[in-house]
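These notes concern the structure reproduced below.
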Amino acid sequence: MKLRLVNTSIFDQRLPALVLFCHEKERLDVPVLFRNLLRRLSRKEFSGADKQLLLLHSTATHLLLVGLGKTAELTPEKTRRATGLAVKRLATLGITEAAIVLAPDQLPHAVEAAILASYKFTKYKSPNDNHAALKTLTICLPKNADLAAAKAVVARTQAITNAANYARDIANLPANIVYPEVLADHARRLAEECNLTCTILDKSALETGGFGGILAVGSGSARDPRLIVLEYHGTPDPNAKPIALVGKALTFDSGGISIKPSDKMDEMKFDKSGGCAVLGAMRAIAALQLPLHVIGIIGAAENMPSATSYRPGDIVTSYKGTDKRAVTIEVLNTDAEGRIVLGDAIAYARERHPQAIIDLATLTGACVIALGSFAAGLLGNNEPLQEKLRASGERTGERLWPLPLWQEYKDKIKSDIADIKNTGGREGGVSTAAAFLAKYVGDIPWAHLDIAGTAWTTEERPYLAKGATGFGVRLLLDLLQNWK
Ligand code: BES
Ligand code: MN
Ligand code: ZN
């Protein structure tokens, strides 16, 4: 989508559609033609309440009124939702060019929602003219607005939001098309485009290195696992401690020998969403040239049942790392595979002495039960880091909610015959899964985001279509833009 910035009146734009936000019970300043139309409208038909839409048209143009609710109650998320609804309505009308009036402080939120709402996963749909999306959006700012500053805001927002859509694009691909090797190819291509360093450990490199966790989880699949490492150097100091972003990328999670019920198993193509969020974040970090050193580490595997699968009862040894801290795992349920993959990935991160580790994973069904799709679970060992993440979540609308990581949860995953077992039972499932990861983190500041409920949506949202949401990309970029 092309975005044009102007500081002239929307009614000077000769375009097929004009979008106006309206606050509840406030008068609208519109030209005579529309004023007469509006006068005949009752408050019932359109009051300006949150999420209301009203389409008026003259012969020349459509006027789309979008309710934002009460002025005093306006939030960035309401601007996003209203913009998303408007952009989707225009798309269903087949309108490709429109203008919208924005206050400068609404600009980034409206722009991100417009870009997110225009995204559709259409790669495998036959071309269909009825599905035109908005091609150009003219943004009308106040007469005295600083257009140069606004342009910079728009460029930054576009870079981040396009990266979120890129993450959605990969996460939406099915498991017959994206398997670990293909995900690694995507990472390699991204690295070339964005000037990142890319290291891929294939099966034999994982064997040599002793990545027993990723190998065990991937052992049942005909598609070999990979560990994908992307590195961005944006600090003048080459010794600056990195920030490690770690992502779970199960290109498909059937559950393995502890197989899942077939109902909704198709959704487990989204079990790579944490890894996709890391790809998206690396892309945006490079696009914005952030003054940081960031390493993206993605554990990619496919969890399948077969004669070569790992089994319940198996004992698996995770990656030792240079500090030689081997952890042995008693596998009680092959469907608790994400934590095993992440264990290796976090052990690999630890070797690089990061100043912080942030992992993103569709880790537990328990998190979906606890928080639904309205927030991701937030756990870790470092209050200030968690507080910063919380604030980024509030700002971006990618909300996080804290869950505990007390010693009791760590006790629940103690094994009689190995260092830890890979499940702590159904109770407190989010926390016992995080307790498993904590075993690999040591005392490095760490936050764990359980994105099981937020990584994809099965219902249409105001600015997100069904499918992958790209959750985490905008959140991480907000965090990293405000780092230190
Ligand atoms: N990928 C799933 C978690 C999941 C389930 C995410 C549903 C989104 C929706 C994960 O690998 C898993 O299967 N976890 C198990 C753990 C259990 C066996 C301890 C779960 O949550 O049921
Ligand atoms: Mn699983
Ligand atoms: Zn999984």
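These numbers come from a predicted model, not from an experiment. Just follow the structure's listing: the first ligand is 1, and inside any ligand the first atom is 1.
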**Report entry** Carboxylate-amine/guanidinium proximity below 4.0 Å for R188 and E193
**Finding:** no
Query raised in the report: Under 3.5 Å, is there a donor-acceptor pair linking the side chains of N172 and Y119?
Result: yes
Report summary line: re atom 12 (C) of ligand 1, the protein heavy-atom contact at minimum distance is D335 O, 3.2 Å
Query raised in the report: Does the side chain of T396 come under 3.5 Å of the side chain of D478 through a donor N or O and an acceptor N or O?
Result: no
Query raised in the report: Should you measure from each heavy atom of E337, which atoms of ligand 1 turn up under 4.0 Å away?
Result: 11 (O)
Requested in this report: State plainly whether the residues E383 and K388 are in salt-bridge range, i.e. N to O under 4.0 Å.
Outcome: no
Requested in this report: Find all atoms of ligand 1 within a distance of less than 4.0 Å from any non-hydrogen atom belonging to D271, and give their numbers and elements.
Outcome: 1 (N)
Requested in this report: Answer with side chain, backbone, both or neither: which part of F252 has a heavy atom less than 4.0 angstrom from an atom of ligand 1?
Outcome: neither
**Report entry** Pair E77 + R81: basic N to acidic O under 4.0 Å
**Finding:** yes
Requested in this report: Give the atom name of whichever N/O/S atom in E337 sits closest to the Zn ion (ligand 3).
Outcome: OE2
**Report entry** Polar contact flag, side-chain donor to acceptor under 3.5 angstrom, S415-E330
**Finding:** yes
Query raised in the report: Is it the case that D271 and T362 place a side-chain donor and acceptor less than 3.5 Å from each other?
Result: yes
**Report entry** Distance-only donor-acceptor check, side chains N333 and T423, under 3.5 Å
**Finding:** no
Requested in this report: List every atom of ligand 1 that sits less than 4.0 Å from any heavy atom of R339, numbering the atoms from 1 in the order shown and giving each element.
Outcome: 16 (C), 19 (C)
Query raised in the report: Do any heavy atoms of E267 fall under 4.0 Å from ligand 1?
Result: no
**Report entry** Short side-chain to backbone donor-acceptor contact, R80 and Y463, under 3.5 Å
**Finding:** no
Report task. Taking only heavy atoms of T362 into account, list the atoms of ligand 1 that are under 4.0 Å away from them. Result -> 1 (N), 2 (C), 3 (C), 6 (C)
Query raised in the report: Considering only N, O or S atoms, which atom of D253 is nearest to the Zn ion (ligand 3)?
Result: OD2
Report summary line: Taking only non-hydrogen atoms of G365 and a 4.0 Å limit, the atoms of ligand 1 in range are 3 (C), 4 (C), 5 (C), 20 (C), 21 (O)
Report task. Compute the shortest N/O to N/O distance between T423 and ligand 1 and return yes if it is under 3.5 Å, no if not. Result -> no
Query raised in the report: Between L363 and ligand 1, which residue portion shows a heavy-atom distance shorter than 4.0 Å: side chain, backbone, both, or neither?
Result: backbone
Query raised in the report: Does R390 make a cation-pi contact with W401 (under 6.0 Å, within 45 degrees of the axis)?
Result: yes
Query raised in the report: Do K466's NZ or CZ and the ring of W456 fall within the cation-pi criteria of under 6.0 Å and 45°?
Result: no
Requested in this report: Look only at interatomic distance and state if W456 has a nitrogen or oxygen under 3.5 Å from any nitrogen or oxygen of ligand 1.
Outcome: no
Query raised in the report: Counting each atom of ligand 1 from 1 as listed, which ones have a heavy atom of T364 under 4.0 Å away?
Result: 3 (C), 21 (O)
Report task. For atom 2 (C) of ligand 1, grab the closest protein heavy atom and report residue, atom and distance to one decimal in Å. Result -> D253 OD2, 3.6 Å
Query - Short N/O/S contact of A361 with the Zn ion (ligand 3) (below 2.8 Å) - result: no
Report task. For the atoms OD2 of D253 and OE1 of E337, give the angle they form at the Mn ion (ligand 2), rounded to 10 degrees. Result -> 100°
Query raised in the report: Under 3.5 Å, is there a donor-acceptor pair between the D335 and S258 side chains?
Result: no
Query - Donor-acceptor pair between N382 and Q386 side chains, under 3.5 angstrom - result: no
Report summary line: Looking only at protein heavy atoms, what sits closest to atom 18 (C) of ligand 1 is N333 ND2, 3.4 Å
Query - Region of R426 engaging ligand 1 - heavy atom pairs below 4.0 Å - result: neither
Query raised in the report: Can you tell which part of K264 has a heavy atom less than 4.0 Å from ligand 1: side chain, backbone, both or neither?
Result: neither
Report task. Identify, by atom number and element, the atoms of ligand 1 in contact range of A452, meaning under 4.0 Å from any of its heavy atoms. Result -> 6 (C), 8 (C)
Query raised in the report: Can you give the angle D271 OD2 - the Zn ion (ligand 3) - K248 NZ, rounded to 10°?
Result: 100°
Query raised in the report: Just going by heavy-atom distances, which of K248, M268, M265 is nearest to atom 7 (C) of ligand 1?
Result: M268
Report task. Classify the angle between the aromatic ring planes of F436 and Y440 as parallel (below 30°), tilted (30 to 60°) or perpendicular (above 60°). Result -> tilted
